[in-house]
Amino acid sequence: RAWAEYVAVPERLCFKLPDTIDFQDGVALALDSVVAETVLFELGNLKPGKTILVQSAAGGVGQMICQMAKSVENVTVVGIASGHKEEDLKPSIDVFIERGVDYVHEIRKFCPMGVDLVLDCQCGEEFSKCYSLLKPMGRYILYGTQSICAGESKSFFSVARSWWQVEKLSPLKMYDENKMVAGFNFRHLLYKQREHAYIDEALKQVWIRYLKREIRPVMDSTWCFEDI
C-alpha cells in the first residue's frame, strides 16, 4: 500500500487538518507533535522553571519536544544528540551534550540536584542513568525503545540482553524516592486501545501551537510521488 495513490482508511482514523495549514506541514507535524504534546504536557506536566532532559533531541519527536518546551517560561532544555547536530538544535535547547559523553556527570555539574523531567526514547541501560538524574517529584517518561529494537543486526538474544539491562523498578522504590515513571506508545493508544478521541484533541492542540508559531516542522527535503 505504500505505493498507492489512494488508500481506504476507517473514518475514526481520519483527523481534520485546518484550512490554514498545508498538507506538507500537516503530515510533518501530525505524528511527532502528538507524541511531544502528550509526553510533555499530559504525562510530564511541564511547568515554568523546570529543567528537562531530552534523549535523541535531534530526532523528529525530540525536536518537537524541544520546540514545545521553549514555549513554557523559564524552562531549561538539556538535549543529547550526535555532535554534528549541535548547530541545528541551538535555537531550541539551552545545553547540548554529545552522545557518548558521560551525560550524568555533565548534568550534575550544573544541576547538582538533577532534573525535573526526563523524556527517553532509548530505554535499555539508559533507563537507570536517567532515573538516577531525577529530582524528588521528578518524572521519567519513556516513548520509545530505540536501543532495544533498532539496528539491522539485532537478534533475539541481543534484544533479550538489552531488555535484561533495563532496571526492574519496584513501586516501593518510587514511593520512597518520590519519583514517577510513565510510558507512551502512540501506536497502541490509537490502534489497540482505540483512543481516537484523545488523539483528535491532542492534534487540535498541536494545530494551535503551530498557528501561534510555537512549533515548526523540520524537513530535510520533499519529493513528488512520481519521483520516488
Side-chain angles (χ1 to χ4, degrees), residues 1-44 54-69 71 81-82 85 88-89 92 119-124 141-156 158-159 162-163 182-228:
R1 293 184 181 180
W3 298 100
E5 293 187 37
Y6 299 96
V7 178
V9 179
E11 183 179 359
R12 67 179 183 276
L13 299 179
C14 297
F15 304 96
K16 182 174 173 53
L17 182 69
D19 296 335
T20 50
I21 301 177
D22 63 35
F23 285 106
Q24 182 172 292
D25 283 358
V27 169
L29 284 168
L31 174 58
D32 293 344
S33 296
V34 167
V35 176
E37 177 75 26
T38 302
V39 298
L40 263 183
F41 300 108
E42 180 77 14
L43 300 178
V54 185
Q55 288 275 13
S56 299
V61 176
Q63 291 194 48
M64 282 295 106
I65 288 172
C66 294
Q67 289 186 38
M68 287 186 184
S71 70
S82 301
K85 297 177 180 178
D88 296 332
L89 289 171
S92 55
L119 299 172
D120 182 21
C121 63
Q122 295 290 322
C123 198
I141 314 293
L142 180 69
Y143 66 91
T145 55
Q146 186 173 317
S147 67
I148 294 178
C149 300
E152 295 181 3
S153 61
K154 284 287 185 181
S155 66
F156 169 80
S158 62
V159 171
S162 297
W163 178 86
F184 179 67
N185 187 316
F186 180 95
R187 182 181 294 274
H188 286 185
L189 189 72
L190 183 60
Y191 295 109
K192 287 188 175 182
Q193 296 156 343
R194 298 177 177 272
E195 291 289 342
H196 315 116
Y198 178 87
I199 300 298
D200 188 47
E201 290 303 313
L203 266 172
K204 289 176 182 176
Q205 188 59 46
V206 165
W207 306 143
I208 290 171
R209 294 187 186 282
Y210 174 85
L211 295 173
K212 290 168 64 177
R213 303 189 66 82
E214 292 179 358
I215 56 174
R216 278 293 175 267
V218 179
M219 290 175 278
D220 176 73
S221 58
T222 57
W223 297 76
C224 294
F225 183 82
E226 56 268 20
D227 293 335
I228 299 176

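- Residues Trp207 and Thr20 form no side-chain contact, since every pair of their non-hydrogen atoms from C-beta on lies 4.5 Å or further apart.
- Taken from NE2 in His188 to CD in Glu195, the straight-line distance is 14.0 Å, to the nearest 0.5 Å.
- For Gln63 (side chain) and Ala58 (main-chain N/O), a donor-acceptor pair under 3.5 Å exists by modelled atom type.
- Of all heavy-atom pairs spanning Tyr210 and Pro217, the tightest one is CE1-CD, 3.9 Å.
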So Phe184 and Leu189, side chain to side chain contact (heavy atoms under 4.5 Å, CB included) or not? Walk me through it.
-> CA-CA 8 Å; Phe184 179 67; Leu189 189 72; 3.5 Å; yes

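- What you find for Ala81 and Leu89 is that their closest heavy atoms are CB-CD1, 3.8 Å.
- Side-chain atoms of Asp32 and Ile65, non-hydrogen and from C-beta on, never get closer than 4.5 Å to each other.
- Taking each heavy atom of Ala202 and Val34 in turn, the nearest pair found is CB-CG1, 4.1 Å.
- Distance check: Leu13 CG to Arg194 CZ gives 8.0 Å after rounding to the nearest 0.5 Å.
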Might you work through the side chain to side chain contact (heavy atoms under 4.5 Å, CB included) test for Lys16 and Asp200, ending with a clear yes or no?
-> CA-CA 8 Å; Lys16 182 174 173 53; Asp200 188 47; 6.0 Å; no

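- Side-chain atoms of Arg12 and Val9, non-hydrogen and from C-beta on, never get closer than 4.5 Å to each other.
- Proximity of a side-chain donor or acceptor of Ser71 to a complementary backbone N or O of Met68 within less than 3.5 Å is detected.
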Apply the test side chain to side chain contact (heavy atoms under 4.5 Å, CB included) to residues Tyr198 and Leu190: give CA-CA distance (whole Å), side-chain angles for both, the deciding distance (0.1 Å), then the verdict.
-> CA-CA 9 Å; Tyr198 178 87; Leu190 183 60; over 6 Å; no

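- Rounding to the nearest 0.5 angstrom, the gap separating the CZ atom in Arg216 from the OG atom in Ser92 is 14.0 Å.
- Between Ala69 and Leu40, the shortest heavy-atom distance links the atoms N-CD1, 3.7 Å.
- Interatomic distance, Ile215 CD1 to Met64 CE, rounded to the nearest 0.5 Å: 5.5 Å.
- At a threshold of 4.5 Å between non-hydrogen side-chain atoms, the residues Arg209 and Glu37 count as touching.
- Rounded to the nearest 0.5 Å, atoms CG (Leu29) and CG (Leu203) are 9.5 Å apart.
- Both tests do not hold together for Arg187 against Tyr143: distance to the six-membered ring centre under 6.0 Å, angle to the ring axis within 45°.
- In terms of heavy atoms, Leu142 sits closest to Cys123 at CD1-CB, 3.8 Å.
- Between Gly183 and Leu43, the shortest heavy-atom contact is O-CD1, 3.8 Å.
- With contacts defined as side-chain heavy-atom distances shorter than 4.5 Å, the pair Gln67/Glu214 does not qualify.
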Step by step, would you call Val61 with Cys121 a side chain to side chain contact (heavy atoms under 4.5 Å, CB included)?
-> CA-CA 9 Å; Val61 176; Cys121 63; over 6 Å; no

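- Within the 4.5 Å cutoff, the side chain of Val54 has heavy atoms near those of the Cys66 side chain.
- Looking at residues two or more places apart in sequence or on another chain, you find a side chain to side chain contact (heavy atoms under 4.5 Å, CB included) between Gln55 and Ile80, Arg99, Tyr103, Asp120, Gln122, Glu126, Cys130.
- Under the 4.5 Å side-chain criterion, counting only non-hydrogen atoms from C-beta, Phe186 is not in contact with Thr38.
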